[in-house]
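Everything quoted here is computed from the prediction, not taken from an experiment. Proteins come first, then strands; the chains are lettered A, B, ... in the order of their sequence lines, and each starts at number 1.
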Amino acid sequence: MNKKSRLFRLVDVLLLSLAAAPLVGGVVLQVLTKPPSQGISISGARIHFTLPAPLQALPITEAQINSWIVIVSLFFLCLYMTHGLAVRPETKRQVIAEWLIEQTESLVANNMGPYFKGFAPFVAAIMGLSAVSSLLTLLGMYPPTSDLNVVGGWALLVFFLITYYKLKAGPLYYLKSFAEPVAFLTPLNVIGEIATPVSMAFRHYGNILSGSVISVLVAAALQGLSRMVLGWLPGVLGSIPFLQIGLPAVLSIYFDVFSGCLQAFIFAMLTMLYIANGFPADEYEKRKSHKQNKVKQA
Amino acid sequence: MLELAIGIILGSCALGAGMAMIAGIGPGIGEGNAVAKACEAIGRQPESKGPVTTTMLMGCAIAETTGLYALVIAILLIFLAPNLLVNILLNAIG
């Protein structure tokens with residue numbers, strides 16, 4: 001039973017290496033193209049090259065390239081997880097994949113209700129993309145989530161989805177919902193509507209960026225401190241920042257691992273809650289039954 | 001004279017960034033309250049630990065928003081505003 005054909009194993013190795021290749025390539029690209037920095041350097045995404053485009057030159061930044069790295073890597077990882085599925089799970093990875101899918105499906109069903117059951121893949125995709133993007137800092141790469149453009153794009157996508165589901169009960173009902181509970185609150189409601197994607201984008205981007213800024217500042221401060229305290233040591237020993245050992249790693253566990261995963265979860269949770277809460281379920285049901293009655297009468 | 005003007009711009013940007021982060025007090029107090037209440041709730045009903053923790057994290061994320069707005073303003077003031085303002089000054093002088 002445990003005997004797998006050679007072809008199966010070959011495909012396994014191929015898929016795993018294809019999942020790892022983009023990450024390795026990203027690290028190599030980072031090492032090759034990053035200019036040496038002196039002291040504290042906090043910068044946005046570096047621009048690799050610009051493509052000519054009709055309206056404005058299109059810069060291809062580190063954030064875009066790293067996003068694609070994450071996408072390709074996750075794609076092959078998913079292919080690996082679902083390779084060789086059986087009715088009775090034979091491999092550990094099938095059990096893990098089934099567990100993940102069950103978890104997301106129950107999360108979506110609990111938070112969004114039965115109408116939005118099909119949202120599980122979307123939510124899982126957003127969560128995985130965001131979490132792995134933030135975890136790229138562990139490899140020393142630029143995390144795409146600390147670029148406002150990337151996260152702003154996701155927030156806009158979520159905003160379009162929210163509006164689409166709000167429009168399900170008809171455009172008139174959607175416009176009327178702005179004048180509630182009182183008509184003169186309309187401007188406030190419009191601002192609140194726009195604030196949703198803005199706050200989602202700022203929340204995610206601010207958390208990841210502040211984490212990396214604090215990490216850089218602490219590392220630089222420890223380097224200065226160790227030069228001051230241990231600078232009297234002879235030769236090479238004096239120039240090694242011994243005090244940098246330890247504390248940055250602890251900070252990295254909080255800011256990169258914990259905060260990154262937490263922000264991914266929060267972004268996905270907010271997506272689900274906003275979409276499910278914005279959807280006018282009662283009105284939609286009413287319209288649906290109304291339409292069905294009309295069809296019956298005709 | 002020009003040095004003084006640029007110095008004032010840089011100093012004001014740094015001061016403004018620091019002042020913007022005063023907004024960090026609010027979310028700190030608010031999140032502390034939220035976590036305290038969550039601990040109380042878990043102490044009273046240990047079996048509801050999972051949902052309480054999830055709801056608390058969500059609430060903390062929402063409460064954090066104002067602090068993050070301040071953070072974004074501070075980051076803009078430190079990294080973007082000095083360049084922009086100095087350029088405006090230089091253009092005005094000609």
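- Proximity to chain B involves both the backbone and the side chain of A/Asn207, based on heavy atoms less than 4.5 angstrom apart.
- The environment of A/Tyr254 atom OH is sparse: at most 12 non-hydrogen atoms of other residues, nucleotides or ligands sit within 6.0 angstrom.
- For residues 46-77 of chain B, a heavy-atom distance under 4.5 Å to chain A picks out B/Thr54, B/Leu57, B/Met58, B/Ala61, B/Ile62, B/Glu64, B/Thr65, B/Leu68, B/Tyr69, B/Leu71, B/Val72, B/Ile75, given by residue number.
- Contact annotation for A/Leu148: neither backbone nor side-chain heavy atoms come within less than 4.5 Å of a heavy atom of chain B.
- With a 6.0 Å radius and a threshold of 12 heavy atoms from other residues, nucleotides or ligands, A/Asp282 has its CG atom at or below the threshold.
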